[in-house]
Amino acid sequence: MNPLADIWSLFFPATCVACGCALGEGGDFLCNRCRWEIPLTEFWHKGDNPVWRKFAGHVPVQAASSFYFFADRSDFRTLIHDFKYHGAWRVAEKMGEWYGSELAASQTHENIDLLVPVPLHVRKKIGRGYNQSDYIARGMSRAMGVPVDRRAVRRAVHNRSQTQQKHKSERWDNVKDIFAVRDAAMLDGRHILVVDDVLTTGATIISLCETILAAVPTCRISIATLAVSKAELRTVRRTY
């Protein structure tokens, strides 16, 4: 028992990071209602899913999945914006841990040797103060028991934000040749899980995977993003 903590929680109750409601006794960062309502994809339960098909047409991936769908004006899209732009890195880590526990229990993302968060350019990282994908990977690492590697690849070009590109062709051009492998030995023969926050066109992740495979052909790659745009998956062949 901690009397000071009890008094603090009485006047300043912990709130859900998605909806803002009080968590209640024993609650974590999400309230029970939001945990129930979050639109999970369940894609990690099957190898042939829309996220895997989205990448498989471009690069050879072992497995690929996203944790949940996000949409405009939803609490869960706001959650992404909070840890991406408003410093809520602890939320990214917590969400990563939840996602990692699901991946650890699945049969699709097995035998992962390293988690590789999509790197930010040093200028953008200094401006933001952190890499949100790094914190997602940290949470996943705790749940999966797999180390995070932040040195094997780097973002060599400070490109414009993908959100500033209106057309898909601009997004592909914007991420062409922006990554570099600086420690091929670290990835040689390894099965890595590339981790990112949101999947839209997939251009950034595909560019990273192409760079890795060109430098380290023996590397096997799987992909995990925390969220995915459902609208982007409508263009993927076959329905789900």
Side-chain angles (χ1 to χ4, degrees), residues 14-24 26-56 61 63-86 88-109 115 117-118 132-133 135-140 142-144 162-163 168 171 193-206 222-240:
T15 57
C16 173
V17 297
C19 70
C21 294
L23 287 176
D28 201 352
F29 67 108
L30 282 178
C31 68
N32 289 334
R33 180 176 69 84
C34 284
R35 280 186 175 271
W36 177 260
E37 292 182 352
I38 187 170
L40 300 180
T41 69
E42 304 287 346
F43 288 161
W44 58 89
H45 291 307
K46 50 187 178 182
D48 185 2
N49 65 68
V51 173
W52 178 83
R53 292 195 291 271
K54 188 174 184 67
F55 287 111
V61 290
S65 66
S66 298
F67 192 43
Y68 73 92
F69 297 110
F70 73 94
D72 289 336
R73 296 181 297 279
S74 78
D75 290 336
F76 303 109
R77 186 183 182 105
T78 301
L79 187 151
I80 289 280
H81 281 216
D82 283 346
F83 70 64
K84 190 167 185 175
Y85 302 113
H86 303 143
W89 56 266
R90 289 183 181 86
V91 176
E93 196 166 353
K94 285 285 191 179
M95 290 295 290
E97 189 169 5
W98 184 11
Y99 188 16
S101 67
E102 296 291 345
L103 293 181
S106 76
Q107 296 181 341
T108 57
H109 292 70
L115 303 179
V118 173
Q132 70 279 358
S133 296
Y135 280 102
I136 295 170
R138 290 188 193 192
M140 295 174 72
R142 278 202 302 271
M144 300 174 71
Q162 288 289 75
T163 59
K168 288 188 177 181
R171 290 195 168 203
L193 182 64
V194 172
V195 178
D196 205 6
D197 54 357
V198 180
L199 169 60
T200 51
T201 63
T204 301
I205 295 177
I206 290 169
S222 289
I223 296 166
T225 72
L226 189 62
V228 62
S229 165
K230 202 168 190 177
E232 286 290 337
L233 295 183
R234 294 193 185 112
T235 63
V236 179
R237 241 176 356 131
R238 292 172 54 182
T239 57
Y240 58 95

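Sequence positions, counted from 1, serve as the residue numbers for this chain.
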Regarding Glu93 and Arg138, does a basic nitrogen lie under 4.0 Å from an acidic carboxylate oxygen? no
Quick one: SG on Cys19 to CZ on Arg33, what's the gap to the nearest 0.5 Å? 4.5 Å
Does any non-hydrogen side-chain atom of Val17 lie less than 4.5 Å from one of Arg90? no
Would you name the heavy atoms of Ala137 and Val195 that are closest together and state the gap between them? N-CG1, 4.1 Å
Which atom of Ala224 lies closest to which atom of Tyr99, heavy atoms considered: CB-OH, 3.7 Å
Is any side-chain heavy atom of Trp98 closer than 4.5 Å to a side-chain heavy atom of Ile38? yes
The reported gap from OG in Ser133 to CE in Met140 (rounded to nearest 0.5 angstrom) is 10.5 Å
What's the separation between atom CZ in Arg53 and atom CG in Leu233, rounded to the nearest 0.5 Å? 9.0 Å
Main chain of Val61, side chain of Trp52: is a donor-acceptor contact present, judged purely on distance under 3.5 Å? yes
Which heavy atom in Phe43 sits nearest to a heavy atom in Asn49, and how many Å separate them? O-ND2, 3.1 Å
Chi angles and distances behind the side-chain contact (heavy atoms from CB on, under 4.5 Å) call for Phe70, Val228: CA-CA 6 Å; Phe70 73 94; Val228 62; 5.7 Å; no
Taking Thr225 for its side chain and Ala227 for its backbone only, find out whether a donor-acceptor pair lies under 3.5 Å. yes
Minimal non-hydrogen separation, Gly202 against Lys54, with atom names: N-CE, 4.3 Å
Would you find a donor on one side and an acceptor on the other, under 3.5 Å apart, between the side chain of Thr108 and the backbone of Ala63? no
Nearest 0.5 Å please: distance from the CE atom of Met95 over to the CG atom of Leu30. 6.0 Å
Parallel under 30°, tilted from 30 to 60°, perpendicular over 60°: which one fits the rings of Phe67 and Trp44? tilted
Output for pair (Ser65 OG, Glu102 CD), nearest 0.5 Å, gives 10.0 Å
For the atom pair CG (Leu115) and CG (Leu103), what is the distance rounded to the nearest 0.5 Å? 9.0 Å
Would a 4.5 Å heavy-atom cut-off, applied to side chains only, mark Tyr135 and Lys94 as touching? no
How far apart are the C-alpha atoms of Leu193 and Met144, what are their side-chain angles, what is the distance that settles it, and do they pass the side-chain contact (heavy atoms from CB on, under 4.5 Å) test? CA-CA 11 Å; Leu193 182 64; Met144 300 174 71; 4.2 Å; yes
Just wondering, do Val51 and Ile223 contact through their side chains at under 4.5 Å, heavy atoms? no
Provide the closest heavy-atom pair for Ala64 versus Phe55 in the form atom of the first, atom of the second, distance. CB-CD1, 4.1 Å
Of all the heavy-atom pairs spanning Asp197 and Gln132, show the shortest one and how long it is. OD2-NE2, 3.0 Å
